[in-house]
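These notes concern the structure reproduced below.
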Amino acid sequence: MGDKLKSVKIFRKKKENKEFVAGITAYNYPIARIADECGIDWILVGDSVGTCEMGYQTTIPVTMEDMLTFTKAVIKGVKNAPVIVDMPFLSFHTTSEEAVSNAGKFLQLGASGIKVEGVKKTDNIKAIIDSGIPVMGHIGLNPQYYFQTGYKVIGKNKEEVKKTIDAAKILEKIGVFAIILESVTTELSLKILKQSSIPIYGIGAGKNLDGQILVVNDILGLSFDFKPKFSKQYVNLEDTIREALIQYKKEVKEGKFPDKEHIYD
Ligand code: KIV
């Protein structure tokens, strides 16, 4: 665990100070450490680890065991930023005891809170909050519901608008400390922002929210052909890594590596 205890109260403070908040996902020690040292406001150990790092097509195969492993690595790299961890598919959908126990495991590793997708299991979400675990909500597009909804923009019809607004109200009422809106029209996200007193962050939900969260592999150019419109690629690490590996292979084959400086006398 890092040196300091990182309370989620910081999110409310930043909203009060009207400071936009920049969050990213991280799944391993080096990226988490670099993100923290760069002053990224918060880090999400997202279940997007499934698609970004484990080669799955959706986040659905990601297990509690997977999330615990990646969380351990991220926590080791972070000294300042709060780390929030995604509850993976079905991990809070059985009994409230199991939901609380699963969520608690992440706090015991040093996370500051957990994130839940959707509002279908509010009794269990409330049980987690009542047990002292800070919870972030996640509505709009919920990738854990992929096989029911697919990937799409939410807020294009009245029913979706009402459902999403109601979901935000329910989550705030049961005590989540912030909400992520994913893949939501700007009009809908601003309605939710206006009605909410807790921080509202977006991924594909437009500007002027309390902050943004992006998937780190998309920012760094490590998502191969997946280039979502809402993200921005700041660097092309795929090309950089390929160049380095091709160069290394070439030097080994040509007998140029290792050179004098890489050899013990
Ligand atoms: O898992 C994830 O990366 C997420 C973000 C899309 C917010 O939940």
Side-chain angles (χ1 to χ4, degrees), residues 8 11 20-28 31-32 35 40-64 66-71 73-74 81-92 102-103 106 111-121 125 134-146 149-154 164 167-168 171 176-184 189 192 198-206 209-220 222-224 226-233:
V8 297
F11 293 102
F20 286 137
V21 163
I24 60 155
T25 65
Y27 318 107
N28 61 43
I31 296 287
I40 291 290
D41 292 302
W42 69 284
I43 290 171
L44 174 69
V45 188
D47 63 351
S48 51
V49 68
T51 49
C52 290
E53 301 286 331
M54 301 173 81
Y56 297 138
Q57 285 193 312
T58 70
T59 57
I60 289 163
V62 178
T63 64
M64 271 299 294
D66 295 329
M67 292 305 292
L68 290 166
T69 301
F70 290 107
T71 299
V74 167
V83 174
I84 308 300
V85 183
D86 253 336
M87 293 288 284
F89 185 63
L90 296 187
S91 62
F92 62 102
N102 281 339
F106 296 118
S112 299
I114 57 102
K115 174 165 86 56
V116 291
E117 284 192 21
V119 280
K120 299 258 166 71
K121 271 289 173 186
I125 299 172
V135 174
M136 175 180 270
H138 177 169
I139 53 176
L141 182 75
N142 285 137
Q144 289 178 8
Y145 289 83
Y146 172 76
T149 63
Y151 295 138
K152 62 175 186 172
V153 178
I154 306 290
T164 314
L171 285 172
V176 303
F177 68 86
I179 292 175
I180 302 272
L181 296 178
E182 178 170 355
S183 197
V184 162
S189 70
I192 292 172
I198 55 174
I200 305 295
Y201 304 136
I203 173 163
L209 299 174
D210 296 308
Q212 300 288 327
I213 167 94
L214 282 180
V215 170
V216 74
N217 289 44
D218 299 342
I219 296 180
L220 299 181
L222 281 177
S223 296
F224 300 102
F226 181 69
K227 297 201 190 311
K229 174 181 164 68
F230 58 76
S231 195
K232 182 168 173 182
Q233 187 183 314

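Numbers here simply count residues along the sequence, with the first being 1. First listed ligand is number 1; within each ligand, the first listed atom is number 1.
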Original post:
In chain order, what residues pass the side chain to side chain contact (heavy atoms under 4.5 Å, CB included) check against P82, with sequence neighbours excluded?
Top reply: K6, I10, F11, W42, S112
Original post:
Are T69 and D66 close enough, and set up right, to give a side-chain hydrogen bond (donor to acceptor under 3.5 Å, both in side chains), and what steps lead you there?
Top reply: CA-CA 5 Å; T69 301; D66 295 329; 6.0 Å; no
Original post:
Under the side chain to side chain contact (heavy atoms under 4.5 Å, CB included) test, which residues partner F89, sequence neighbours left out?
Top reply: I60, Q144
**OP:** Kindly say whether V216 contributes a backbone atom to a donor-acceptor pair with the side chain of T25 at under 3.5 angstrom?
**Re:** yes
Original post:
Just by distance, do the side chain of D210 and the backbone of Y201 share a donor-acceptor pair under 3.5 Å?
Top reply: no
**OP:** Just jot down the side chain to side chain contact (heavy atoms under 4.5 Å, CB included) partners of P228, sequence neighbours excluded, or say none.
**Re:** D218, F226, F230, S231
**OP:** Can you tell me which residues line ligand 1 if we count any heavy atom under 4.0 angstrom from one of its atoms, in chain and number order?
**Re:** T25, L44, G46, D47, S48, D86, K115, H138, E182, I203, V215
